[in-house]
**Student:** 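Dropping a structure here in structure tokens format, bear with me for questions.
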Amino acid sequence: MKKLDRNGRHPVRLTLNGMPEEGFAEPRMLLTDFLRHEVGATGTHVACEHGVCGACTVRIDGKAVRACLMLAVQADGAEIETIEGLAEADGSFGPLQQAFHENFALQCGFCTPGFLMSLSEYLEKNPDPTVEEIKVALSGNLCRCTGYHEIINAGLDAAKALRERRQQTD
Amino acid sequence: MKPAPFDYVRAECLEDAVAVLAEHGDEARILAGGQSLMPMLNMRLVRPEVLVDIGGLPDLARIEDESETVAIGAAVTQGGLADWPDLTSALPVVAAALPHVGHFQTRNRGTVCGSLCHADPSSELPLCLALLEGEVELHSARGVRTVPADDFQRGVLTTAKEPDEVAVRARLPKARDGERFAFLEFQHRHGDFAVVAVAAKRSGDSVSLAVGGVADRPEVCHWDALPGDAVDDALNDLAWALGGSDDIHATARHRRQLVRHLGRQAIEATAAGGAGA
Ligand SMILES: Cc1cc2nc3c(=O)[nH]c(=O)nc-3n(C[C@@H](O)[C@H](O)[C@H](O)COP(=O)(O)OP(=O)(O)OC[C@H]3O[C@@H](n4cnc5c(N)ncnc54)[C@H](O)[C@@H]3O)c2cc1C
Ligand code: FES
Ligand code: FES
């Protein structure tokens, strides 16, 4: 059993969007701060820091979770996906980003990384959601600008685009 | 806000966790899914000296289908239980309640046992534990004991668990032939804690109703027989007996009215055969 001392900075190694990353963290460092300040991946946003808003959503070993409710040391060895990994290899928008762009599903954009990371897991589990299902799935992400209507439409469009892409590759 | 400093132990086995708690007592805290503890740490409502992470323990990540009960290990997440293929047949009321526990992102990490240990009076899973008369198995350096639901949750965020004890698994009795269940809750937004949540069970003539969000813990009421024309009076008595109070989410009066309405709907749903909404 390994005890990490509160005053020490402990190595954390993880895979971020397919690339190995490493840095150091005190036990109390949140994963959000580790990603933003240690690794420099500032796409993951932080607002409430107590689990309510969903701005900090990332995927850990495939699951969408709130990075502000995880310690960096807990993510040692994990595979993490963040908003920085959603674009295509050539840097153009991925299907989720494209759908948000086309539907005007963002204004200030602060909440957007969280919505996209939530949808990226959700649409894998439920590729053809109803409006009602999308609303429930996105109820854990708050947006203070858009009024959600466009975000829901973007979610439905993204689902369709992802289904079509899957058909082409199947 | 950021947590105050603490030492962090990633338990490699249950014995590790028990040993750390034996050494540090109430200076130490178990970290399971972190979906309630991390917000409290971030807001510095709690300042433990040591955190013991049991989230990764494979031995505790098992759902065991025993003959009469289902044993849910301390590392089983709410999402993991929701995905268990036998859930709807074995524990229909839990299957109906789980989608109301936070959001899929919080269920991805939050554990079933963590919710029971956190003991929020409006939480859905403690309500199910109470209705089903389940039990919680507690381990410490002093030994192992099993606490029935009615003794486990004592009040707001308070349980029978001592600071040196780990909840290792919760046992929930499986639905028996002829039993019917329903679950309903009123919340202001999807994924919020319930203002009032009810879970009902019918077996032959007898009816049980568990109510969360009103008293300081989920309370269960049993009736050996509850004919349709007696339901309103029974629920009115229950609504007053629970003694809810006013807070920013609802008034006591609103809560009593919700007990009457949701209670009736849930009891009727069990008569109609529904497994819950
Ligand atoms: C946005 C949001 C919405 C939510 N909505 C709801 C909701 O609608 N309904 C609801 O019920 N909950 C809700 N929750 C809380 C729920 O998600 C938590 O998962 C649950 O309350 C605690 O489980 P956990 O595994 O996350 O425990 P943790 O947060 O890790 O621990 C909670 C407490 O229990 C103790 N503990 C945990 N496991 C054990 C164990 N095995 N043995 C001994 N002690 C233990 C910890 O020391 C701590 O004191 C919400 C949370 C968030 C962030
Ligand atoms: S910053 Fe994590 S949920 Fe708000
Ligand atoms: S676009 Fe501004 S918060 Fe959502």
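Throughout, protein chains are lettered first and strands after them, A, B, ... in sequence-line order, and every chain is numbered starting at 1.
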**Student:** Tell me, out of B/P5, B/G33, B/S36, who's got the most heavy-atom pairs with chain A below 4.5 Å.
**Tutor:**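 Of the candidates given, the most pairs with chain A belong to B/P5.
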
**Student:** Hey, what do you get for NE2 (B/H190) to CD (A/E132), rounding to the nearest 0.5 Å?
**Tutor:**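 Rounded to the nearest 0.5 Å, the NE2-CD separation comes out at 10.0 Å.
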
**Student:** For A/L69, which atoms come within 4.5 Å of any heavy atom of chain B: side chain, backbone, both, or neither?
**Tutor:**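 Answer is both: backbone and side chain atoms of A/L69 are under 4.5 Å from chain B.
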
**Student:** Determine the option with the most heavy-atom pairs under 4.5 angstrom with chain A, choosing from B/R189, B/K2, B/R107, B/M43.
**Tutor:**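 If we count pairs closer than 4.5 Å to chain A, B/K2 comes out on top.
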
**Student:** Go through A/D76, A/L71, A/D5 and name the one with the most non-hydrogen pairs under 4.5 angstrom from chain B.
**Tutor:**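 Ranked by contacts with chain B, first place is A/L71.
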
**Student:** For A/K63, is there any backbone N or O sitting under 3.5 Å from a side-chain donor or acceptor partner on B/N108?
**Tutor:**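 The answer is no, because no donor-acceptor pair under 3.5 Å joins these two groups.
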
**Student:** Looking at A/E49, A/E121, A/K3, which one has more heavy-atom pairs under 4.5 Å with chain B than the rest?
**Tutor:**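 Going by pairs under 4.5 Å, I would pick A/E49.
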
**Student:** Tell me, out of A/R28, A/E26, A/H50, who's got the most heavy-atom pairs with chain B below 4.5 Å.
**Tutor:**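 With the most close heavy-atom pairs to chain B, the winner is A/R28.
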
**Student:** Taking side chain as C-beta onward, heavy atoms only, is A/N141 less than 4.5 Å from B/H103?
**Tutor:**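 SC-SC contact between A/N141 and B/H103 ruled out.
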
**Student:** Report which part of B/V52 has an atom under 4.5 Å of a heavy atom belonging to chain A: side chain, backbone, both, or neither.
**Tutor:**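 Nothing of B/V52, per the 4.5 Å heavy-atom cut-off to chain A.
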
**Student:** Can you confirm whether more than 12 heavy atoms, excluding those of A/H149, are under 6.0 Å from its NE2 atom?
**Tutor:**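 Incorrect, the count does not exceed 12.
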
**Student:** Below 4.5 Å from any heavy atom of chain A, which atoms of B/L37 appear? Answer side chain, backbone, both or neither.
**Tutor:**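 Neither the backbone nor the side chain of B/L37 comes within 4.5 Å of chain A.
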
**Student:** Could you tell me which portion of A/K135 (side chain, backbone, both or neither) has an atom closer than 4.5 angstrom to a non-hydrogen atom of chain B?
**Tutor:**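 Answer is neither: A/K135 stays 4.5 Å or more from chain B.
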
**Student:** Among B/Q35, B/M38, B/E15, which has the most heavy-atom pairs under 4.5 Å with chain A?
**Tutor:**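 The residue among B/Q35, B/M38, B/E15 with the greatest pair count is B/M38.
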
**Student:** Nearest heavy-atom pair of A/S118 and B/F104: which atoms, and what distance?
**Tutor:**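 Result for this residue pair: O-CZ, 3.4 Å.
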
**Student:** Would you call B/E12 and A/K2 a salt bridge, using N to O less than 4.0 angstrom?
**Tutor:**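 Between A/K2 and B/E12 there is no salt bridge, as every charged N stays at least 4.0 Å from the carboxylate O atoms.
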
**Student:** Measuring heavy-atom distances to chain A, does B/L51 have an atom under 4.5 Å in its side chain, in its backbone, in both, or in neither?
**Tutor:**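 Answer is side chain: those atoms of B/L51 sit under 4.5 Å from chain A.
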
**Student:** Are more than 12 heavy atoms, taken from residues, nucleotides or ligands other than A/R144, located less than 6.0 Å from that residue's CZ atom?
**Tutor:**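 Result for CZ/A/R144: open.
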
**Student:** Can you say whether B/D53 sits under 4.5 Å from chain A via the side chain, the backbone, both, or neither, judging by heavy atoms?
**Tutor:**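 Interface part for B/D53: side chain.
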
**Student:** Could you give the distance from CE (B/M1) to CG (A/L30), rounded to the nearest 0.5 Å?
**Tutor:**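 Result: 11.0 Å between the selected atoms.
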
**Student:** Enter the distance from B/D7:CG to A/L4:CG here, rounded to the nearest 0.5 Å.
**Tutor:**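 Answer for the CG-CG pair, B/D7 versus A/L4, is 8.5 Å.
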
**Student:** If you apply the rule side-chain contact (heavy atoms from CB on, under 4.5 Å), what do you find for B/E49 with A/R6, and how did you get there?
**Tutor:** CA-CA 9 Å; B/E49 296 290 316; A/R6 71 191 63 193; 3.0 Å; yes

**Student:** Quick check on B/R10 against chain A: is it the side chain, the backbone, both or neither that has a heavy atom closer than 4.5 Å?
**Tutor:**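 The answer is both parts of B/R10.
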
**Student:** Mind ranking B/L41, B/D16, B/V50 by heavy-atom pairs under 4.5 Å with chain A and telling me who comes out on top?
**Tutor:**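 Option with the top pair count is B/D16.
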
**Student:** In the structure I gave you, are the side-chain heavy atoms of B/Y8 and A/H10 within less than 4.5 Å of one another anywhere?
**Tutor:**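 No, side chains not in contact.
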
**Student:** Show, in sequence, the C-alpha distance, side-chain angles and deciding distance for B/Q105 and A/T57, and conclude whether the side chain to side chain donor-acceptor pair (under 3.5 Å) test is met.
**Tutor:** CA-CA 8 Å; B/Q105 301 92 327; A/T57 308; 5.1 Å; no

